[in-house]
Amino acid sequence: MSQSIATIALVVADYDDAISFYVDKLGFALLSDLDMGGGKRWVTVAPANGGARLLLAKADGTEQSAHIGNQTGGRVGFFLETDDFARDHANYLQRGVKFLEPPRHEAYGSVAVFEDLYGNKWDLLQPRG
């Protein structure tokens with residue numbers, strides 16, 4: 001049996017703001033934006049060269065809204081791998097992506113933590129080897 005994690009839901013406050021961040025700032029591809037009726041949309045984005053998709057899921061109600069920007073309890077919950085850390089780090093800084101630290105060079109690779117538009121923490125990571 002072959003399995004993979006294909007899509008991860010990310011709770012957002014606004015579809016269009018989230019699309020703008022992931023597509024315009026991070027360079028992700030918009031894979032789908034389908035009207036589901038009743039104000040709901042099926043919106044997926046992914047890194048331009050592949051990888052798991054993010055389902056940008058608009059919060060429905062106060063409980064879901066309370067988790068926007070803190071889906072993983074304040075720790076890094078998303079890991080964006082790159083083949084050129086310096087290039088992507090510079091591009092993201094130029095596009096206004098907020099990094100929480102300067103780049104670090106760890107045993108596993110080059111890394112820096114950044115926030116998405118809601119405050120969810122991501123690692124930009126170029127693995128060693």
Side-chain angles (χ1 to χ4, degrees):
M1 174 172 35
S2 175
Q3 296 179 327
S4 65
I5 295 175
T7 307
I8 298 169
L10 182 67
V11 180
V12 302
D14 180 83
Y15 292 116
D16 294 321
D17 290 345
I19 291 169
S20 179
F21 178 83
Y22 286 100
V23 172
D24 299 336
K25 290 199 176 197
L26 297 188
F28 284 21
L30 177 62
L31 303 177
S32 64
D33 186 354
L34 305 171
D35 186 344
M36 304 294 289
K40 291 191 175 230
R41 291 158 55 183
W42 181 264
V43 179
T44 58
V45 297
N49 292 325
R53 294 178 296 269
L54 290 178
L55 171 65
L56 304 179
K58 186 174 178 182
D60 183 13
T62 56
E63 185 174 348
Q64 289 181 16
S65 293
H67 292 281
I68 294 170
N70 191 24
Q71 294 195 149
T72 58
R75 66 165 291 132
V76 173
F78 305 95
F79 302 82
L80 182 60
E81 287 191 5
T82 179
D83 63 351
D84 189 336
F85 179 88
R87 174 200 64 211
D88 290 343
H89 184 260
N91 284 341
Y92 289 172
L93 284 172
Q94 184 178 25
R95 294 177 188 163
V97 173
K98 179 182 175 186
F99 280 86
L100 302 178
E101 63 181 12
R104 298 181 275 125
H105 304 287
E106 303 289 350
Y108 56 86
S110 298
V111 63
V113 177
F114 70 92
E115 289 183 334
D116 70 10
L117 73 163
Y118 298 114
N120 292 300
K121 292 180 183 173
W122 287 71
D123 270 357
L124 176 63
L125 170 65
Q126 181 178 357
R128 286 205 195 274

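Because the structure is a prediction, the values reported are computed rather than measured. Values below: all heavy atoms of this structure, side chains included; hydrogens, waters and symmetry mates excluded.
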**Prompt:** Which of these, Leu55, Leu54, Thr44, sits in a side-chain contact (heavy atoms from CB on, under 4.5 Å) with Leu31?
**Reply:**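 Answer after filtering Leu55, Leu54, Thr44: Thr44.
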**Asked** Only one of Ile68, Asp116, Val43 clears side-chain contact (heavy atoms from CB on, under 4.5 Å) with Leu10; which?
**Response**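 It is Asp116, the one option of Ile68, Asp116, Val43 that forms the side-chain contact (heavy atoms from CB on, under 4.5 Å) with Leu10.
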**Prompt:** Atom NZ in Lys121, atom OG1 in Thr72: separation rounded to 0.5 Å?
**Reply:**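 Reported value, rounded in 0.5 Å steps: 8.0 Å.
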Sequence neighbours excluded, which residues qualify as side chain to side chain donor-acceptor pair (under 3.5 Å) partners of [X]?
| X | value |
| --- | --- |
| Glu63 | none |
| Arg95 | none |
| Ser20 | Asp24 |

**Prompt:** Does CD1 belonging to Ile5 count more than 12 external heavy atoms closer than 6.0 Å?
**Reply:**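 Counting other residues, nucleotides and ligands, CD1 of Ile5 stays at 12 neighbours or fewer.
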With sequence neighbours left out, write down each residue that passes side-chain contact (heavy atoms from CB on, under 4.5 Å) with [X], or none if nothing qualifies.
| X | value |
| --- | --- |
| Leu93 | His89, Phe99 |
| Gln94 | Asn91 |
| Asp17 | Asp14, Leu117, Tyr118 |
| Val23 | Ile19, Leu30, Val45 |

Which heavy atom of [X] sits nearest a heavy atom of [Y], and at what distance?
| X | Y | answer |
| --- | --- | --- |
| Val97 | Lys25 | CG2-CB, 4.1 Å |
| Ala46 | Gly51 | CB-O, 4.3 Å |
| Phe85 | Ser110 | CD1-O, 3.7 Å |
| Leu80 | Pro47 | CD1-CG, 3.9 Å |
| Val11 | Gln71 | N-OE1, 2.5 Å |
| Ala48 | Gly27 | CB-O, 3.8 Å |

**Request:** Walk me through it: do Arg128 and His105 pass the test side chain to side chain contact (heavy atoms under 4.5 Å, CB included)?
**Result:** CA-CA 9 Å; Arg128 286 205 195 274; His105 304 287; 4.0 Å; yes
**Item:** By ring pair (Phe, Tyr, Trp, His ring centres under 6.0 Å) - contacts of Phe78 (at least two apart)
**Value:**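 So Phe78 forms a ring pair (Phe, Tyr, Trp, His ring centres under 6.0 Å) with Trp122.
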**Request:** Return each pair, listed once, that meets salt bridge (charged side-chain N to carboxylate O under 4.0 Å, His left out) where at least one residue sits in residues 72-87; pairs must be two or more places apart or across chains.
**Result:**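 Output for this query lists Asp83-Arg87.
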**Asked** Which pairs, with at least one residue in residues 49-58 and sequence neighbours excluded, count as a salt bridge (charged side-chain N to carboxylate O under 4.0 Å, His left out)?
**Response**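 Applying salt bridge (charged side-chain N to carboxylate O under 4.0 Å, His left out) to every pair that reaches into residues 49-58, excluding sequence neighbours, yields nothing.
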**Request:** Identify whether Leu100 and Leu124 are in the same connected component of the hydrophobic contact network (ILVMFWY, side-chain heavy atoms under 4.5 Å).
**Result:**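 Shared cluster, no.
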**Asked** Linking I/L/V/M/F/W/Y whenever their side-chain heavy atoms sit closer than 4.5 Å, directly or via other members, would Phe79 and Val113 fall into one cluster?
**Response**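 Same cluster.
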**Message:** Side chains of Glu115 and Asn120, heavy atoms from C-beta outward: is any pair under 4.5 Å?
**Reply:**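 Answer no - side chains too far apart.
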**Item:** Minimum side-chain heavy-atom gap Phe21-Leu56 below 4.5 Å
**Value:**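 They are not in side-chain contact.
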**Asked** How would you list all residue pairs meeting ring pair (Phe, Tyr, Trp, His ring centres under 6.0 Å) that involve residues 25-74, not counting sequence neighbours?
**Response**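 Those involving residues 25-74 are Tyr22-Phe28.
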**Message:** Please give the remaining members of the hydrophobic cluster of Val111, linking ILVMFWY side chains under 4.5 Å, ordered by chain and number.
**Reply:**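 Direct or chained contacts put Val111 with Tyr108, Leu125.
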**Message:** Test side chain to side chain contact (heavy atoms under 4.5 Å, CB included) on Arg41 and Asp33; report intermediate values, then the result.
**Reply:** CA-CA 6 Å; Arg41 291 158 55 183; Asp33 186 354; 2.8 Å; yes
